[in-house]
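Accompanying notes for the structure given below.
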Amino acid sequence: MITINEKERTFHLHNDRVSYLLYVMDSGQLGHLYFGKPLQPEGSYLHMVEKSHRPMTTYITEGDLYTSYEHLRQEYPCYGTSDYRYPALEVRGNDGSTLCKLEYQRYELLQGKKTLEGLPATYVEDDSEAETLEIYLRDPLRKLTVVMSYTIFRDCSAIARSVRFANEGEESLFLNRAMSLSVDFPDADYESVQLSGAWARERSVKVRTLELGLTAVSSMRGHSSHQHNPFLALKRKHTTEHSGDAYGFSLVYSGNFLAQAEVDNYQVLRVMLGINPFGFCWKLEPGSTFTTPEAVMVYSDEGLNGMSRQFHTLYRSRLARGYWRERERPVLINNWEATEFDYVEEDLIRFAQKARECGIELFVLDDGWFGSRNNDRSGLGDWKANPAKLPNGIEGLSRRIEELGMKFGLWFEPEMVNRDSDLFRAHPDYILQTPGRSVSHGRNQFVLDFSRPEVVDEIYRQLHTLLTHARISYIKWDMNRSISECYSTVWPTDQQGEIFHRHILGVYDLHERLLQAFPTLLIESCSSGGGRFDPGMLYYAPQGWLSDNSDAAERLKIQYGTSLVYPVSSMGAHVSACPNSQVGRHTPLETRGNVAMTGAFGYELDLNRLSPEEIETVKQQVAFYKQNRQLLARGDFYRLLSPFEGNFAAWETAEPDGSRALVTVTRLLSEVNGPYRRLPLRGLIPDRRYHIRSRYLSYDAYGDELMQFGLMLEDQSSGQMIDGSGDTCQDFRSLIYEVVGR
């Protein structure tokens with residue numbers, strides 16, 4: 001999958017879906033040639049280099065009026081040696097200079113893929129699945145070696161990239177900027193696609209036409225954030241969901257990030273992705289190394305949906321890992337929206353008994369079970385059961401839940417502490433804080449300094465003790481505030497720029513240690529909902545709580561946007577009570593179930609408060625999900641109608657072999673005398689006969705008809721209702737269509 005032309009010094013990463021070409025310039029710098037649809041592996045491509053004399057240009061060599069880094073497409077550009085665009089690297093020496101010139105030294109080819117120590121990353125289980133190219137560059141003055149790593153996967157159009165820095169000199173160096181990925185495109189005729197929003201409306205799809213200058217999304221909050229996701233896509237203006245060129249760039253990281261597209265005045269486009277340079281400065285001691293987080297780039301000529309399916313396949317099977325990667329996830333029920341802090345053990349047992357009657361498999365106890373926790377002002381950091389609520393402790397409660405025939409899960413927020421806690425009283429220095437300045441709070445809590453190994457050790461000790469003695473199958477790992485006053489009292493002044501990154505490394509370390517000790521533990525990540533829903537967390541937690549907003553109508557948008565990058569199996573999606581606690585909206589129980597089934601399915605309500613008819617609906621939902629959860633989790637996902645663009649939303653999950661599919665169609669607002677509608681499907685076999693059934697429809701059709709003419713939608717708002725029952729035409733109405741091959 002990697003072809004090297006030694007004479008021309010070109011490197012070609014390729015499979016039957018993608019090509020990526022780079023070369024060594026005459027000056028020794030690493031240049032970029034091409035990224036896109038596959039090209040002939042043995043071709044000669046140096047003629048793709050474009051350069052000419054231009055006014056007001058700084059040139060590399062005296063007498064040469066053609067070669068300027070400002071006008072050459074590069075792989076890992078540095079600022080100041082004739083390039084005036086934003087660089088991928090800025091390194092400062094003791095002389096104060098940030099000039100850097102990276103010269104090609106050698107390359108290595110590896111079968112398979114290396115791990116990144118201390119960092120989440122994609123992986124392979126067999127070396128035949130991927131090939132890795134490592135290119136060694138060096139700044140001889142700084143005695144800095146930079147290793148560019150490129151992995152191409154056999155079975156998808158993805159290339160994973162990371163960069164390793166090694167200080168081989170005798171003086172310390174400071175990395176002010178160390179991006180994971182940089183790509184220079186020959187033109188800028190693209191639209192950018194980002195996932196942005198806020199708490200309770202995460203990952204909305206935003207599209208912008210690129211113009212001269214910068215287009216960027218970022219986080220400086222210490223986590224990937226509700227506001228922006230560490231992802232950027234490019235698409236041509238004619239590209240749709242299912243056709244046309246689309247490029248995706250995704251960072252496997254959970255901290256501060258920057259995703260940036262820069263268009264210069266000659267319409268050359270530079271895309272960068274990596275740790276946000278703001279507030280970052282890593283001291284690279286002599287003999288030490290630093291490795292950037294991994295970035296994954298994907299190309300598809302099958303539109304945005306084609307790009308998404310490449311991400312889904314890779315992230316579902318070669319980023320998520322461990323015991324739960326392939327296993328069916330249990331249907332769970334969480335008590336938070338039903339009880340919040342107000343409960344005792346017997347309330348929870350009654351809650352769980354009713355859930356078990358409905359076929360639910362996992363009971364999750366949320367916030368309020370520990371320390372002095374009766375509100376959000378106390379208890380965080382004291383991970384022992386409150387005996388007033390749980391006289392038998394977590395050990396006793398978990399045993400009683402398992403005796404009911406269910407698994408038991410528990411909520412933690414291990415990265416935070418309240419002032420009113422035993423941990424804070426014993427160790428007030430354990431939080432991130434700047435000497436002499438006040439400390440901001442969020443939700444009445446403070447951020448533990450996970451850049452300090454002893455702080456991580458203390459939290460690990462508490463959680464390990466609890467998990468050892470209780471019967472806990474699942475944990476919901478929450479993180480309910482952003483980082484402010486990011487200063488560590490134990491690190492020296494010249495290393496304070498490392499704290500944001502070191503903190504995230506501490507978070508990863510705690511995850512890794514717990515999974516090594518308890519390998520069958522299912523972790524669901526959470527951060528006030530979707531504030532840290534990123535590829536980095538997916539490496540440790542195969543599912544994440546998408547959003548604190550559980551309203552079905554809003555979840556259509558959140559799940560739709562999230563699916564641009566993340567597989568359905570990673571999306572925690574639950575049925576909650578009505579009126580919804582976030583927006584006050586009433587939606588049918590059937591609709592809430594249909595929307596939530598496209599995810600890791602569960603409930604967030606007290607089933608004892610439902611009517612017998614509603615309980616029967618819940619039982620039917622649970623049974624249907626269990627029958628289809630393997631398809632829903634691992635099938636090919638197709639976005640069919642966008643909730644951002646109209647009154648209908650629709651998506652489809654199809655078996656990869658085209659043998660069957662489930663199609664979810666939701667109408668937001670009722671219509672009067674609306675038109676007939678047909679919905680073209682995807683992923684079916686044209687000459688295969690299928691049976692289509694829903695609550696109201698049953699007919700047969702061939703795959704080509706369903707993909708061309710479309711699935712005929714049942715909608716009682718088409719025409720005039722004559723049966724006198726107003727209940728068949730309502731807002732927020734949803735149906736699931738089963739499409740089964742004969």
Side-chain angles (χ1 to χ4, degrees), residues 8-13 18-37 39 45-52 54 57-60 66-90 100-104 133 135 137 146 148-150 159 161-163 177-192 210-216 232-236 245-251 258-274 277 292 295-299:
E8 296 186 347
R9 296 202 296 181
T10 60
F11 306 88
H12 187 177
L13 291 80
V18 67
S19 278
Y20 191 90
L21 275 154
L22 56 153
Y23 74 108
V24 180
M25 299 179 185
D26 292 338
S27 63
Q29 300 277 85
L30 205 58
H32 177 74
L33 290 172
Y34 176 84
F35 176 31
K37 204 165 186 173
L39 304 178
Y45 296 105
L46 280 182
H47 58 270
M48 290 182 172
V49 178
E50 298 169 302
K51 58 182 179 180
S52 61
R54 295 183 183 276
T57 295
T58 305
Y59 297 98
I60 299 167
Y66 292 91
T67 307
S68 170
Y69 293 136
E70 182 179 4
H71 304 300
L72 289 170
R73 299 193 300 277
Q74 300 172 66
E75 276 297 301
Y76 207 66
C78 300
Y79 173 84
T81 55
S82 78
D83 190 351
Y84 298 97
R85 295 166 292 178
Y86 277 90
L89 169 66
E90 183 182 274
C100 184
K101 183 180 181 183
L102 299 179
E103 298 177 353
Y104 172 77
L133 169 68
I135 297 181
L137 310 173
V146 178
M148 306 284 293
S149 178
Y150 302 79
I159 296 171
R161 294 178 58 174
S162 63
V163 186
R177 185 182 186 98
M179 305 302 283
S180 298
L181 170 153
S182 180
V183 182
D184 285 353
F185 287 82
D187 72 88
D189 189 23
Y190 292 95
E191 294 175 326
S192 69
L210 294 182
E211 300 287 354
L212 290 177
L214 296 176
T215 299
L232 183 71
L234 301 176
K235 72 180 189 70
R236 296 295 189 183
D245 290 341
Y247 299 83
F249 304 90
S250 174
L251 188 65
L258 172 66
Q260 178 176 291
E262 179 181 8
V263 180
D264 73 10
N265 56 323
Y266 293 103
Q267 294 296 309
V268 173
L269 167 63
R270 174 170 291 174
V271 174
M272 287 188 179
L273 185 63
T292 70
V296 176
M297 50 188 189
V298 162
Y299 166 76

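These numbers come from a predicted model, not from an experiment.
- Closest approach of M179 to P277, counting heavy atoms only: SD-CG, 4.3 Å.
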Subject >> side chain to side chain contact (heavy atoms under 4.5 Å, CB included) evaluation trace for Y69 with T58 >> reply: CA-CA 8 Å; Y69 293 136; T58 305; over 6 Å; no
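- Taking the ring centroids of Y150 and F11, they lie at or beyond the 6.0 Å cut-off.
- If you take CG on L137 and SG on C100, they are separated by 9.5 Å, rounding to the nearest 0.5 Å.
- Considering all non-hydrogen atoms of both residues, L210 and A261 come closest at CD2-CB, 4.2 Å.
- Here CE of M148 is found 8.5 Å from CG of L102. Values are rounded to the nearest 0.5 Å.
- Inter-residue side-chain proximity for P87 and Q74 is flagged as unmet; no heavy-atom pair is nearer than 4.5 Å.
- In Y66, the OH atom is not crowded: 12 or fewer heavy atoms of neighbouring residues, nucleotides or ligands sit closer than 6.0 Å.
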Subject >> From CA spacing to verdict: side chain to side chain contact (heavy atoms under 4.5 Å, CB included), L89, C78 >> reply: CA-CA 6 Å; L89 169 66; C78 300; 4.1 Å; yes
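- Judged by distance alone, with hydrogens and angles left aside, the side-chain atoms of Y190 form no donor-acceptor pair with the main-chain N or O of A233 at under 3.5 Å.
- Using modelled atom types, one side-chain atom of E262 and one backbone atom of Y86 make a donor-acceptor pair closer than 3.5 Å.
- Taking the six-membered ring where tryptophan is involved, the planes of H32 and F185 are tilted, since the angle between them lies from 30° to 60°.
- Side-chain contact check for V24 versus L30: some heavy-atom pair is nearer than 4.5 Å.
- With rounding to the nearest 0.5 angstrom, the CG atom of L13 is 7.0 Å from the CG atom of L22.
- Across every non-hydrogen atom of S180 and V163, the tightest pair is O-CG2, 3.9 Å.
- Between the CG atom in L232 and the CE atom in M297 there is a gap of 13.5 Å [rounded to 0.5 Å].
- With no hydrogens or angles considered, a side-chain donor-acceptor pair links T67 and K51 at under 3.5 Å.
- Smallest separation of non-hydrogen atoms from P77 and M272: CG-CE, 3.9 Å.
- Side-chain atoms of S182 do not come within 3.5 Å of backbone N or O of A88 as any donor-acceptor pair.
- The side-chain heavy atoms of S52 and H71, taken from C-beta on, include no pair separated by under 4.5 Å.
- Using a 4.5 Å cut-off on side-chain heavy atoms (C-beta onward), R85 and V268 make contact.
- Here the closest non-hydrogen pair linking Y59 and S68 is CD2-CB, 3.9 Å.
- For the residue pair Y20 / R161, a side-chain donor-acceptor distance below 3.5 Å is found, with atom types taken as modelled.
- Interatomic distance, CZ of R9 versus OH of Y104, reported as 7.0 Å (0.5 Å rounding).
- By the 30° and 60° cut-offs, the orientation of the rings of F35 relative to F249 is perpendicular.
- The closest side-chain heavy-atom distance from R73 to P186 is below 4.5 Å.
- With a 4.5 Å cut-off on side-chain heavy atoms, D264 and E70 do not count as touching.
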**OP:** List the steps, then state whether side chain to side chain contact (heavy atoms under 4.5 Å, CB included) holds for L258 with R177.
**Re:** CA-CA 11 Å; L258 172 66; R177 185 182 186 98; 4.1 Å; yes
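- Aromatic ring centres of Y45 and Y34 lie farther apart than the 6.0 Å criterion allows.
- Residue D189 places its CG atom among more than 12 non-hydrogen atoms of other residues, nucleotides or ligands, all under 6.0 Å distant.
- In plain terms, the two heavy atoms of T292 and A178 that are nearest each other are CG2-O, 3.6 Å.
- Looking at heavy atoms from C-beta onward, K37 lies in side-chain contact with Y299 at the 4.5 angstrom threshold.
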**OP:** Would you check, one step at a time, whether the test side chain to side chain contact (heavy atoms under 4.5 Å, CB included) holds for Y23 with V49?
**Re:** CA-CA 10 Å; Y23 74 108; V49 178; 3.4 Å; yes
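- To the nearest 0.5 Å, the span separating CD on Q29 from CD on E75 amounts to 11.5 Å.
- Look at K235 and E191 and you find a salt bridge, because one of the NZ, NE, NH1 or NH2 atoms lies within 4.0 Å of a carboxylate O, short of that distance.
- Side-chain contact between Q260 and L273: absent, with no pair of heavy atoms (C-beta onward) separated by less than 4.5 Å.
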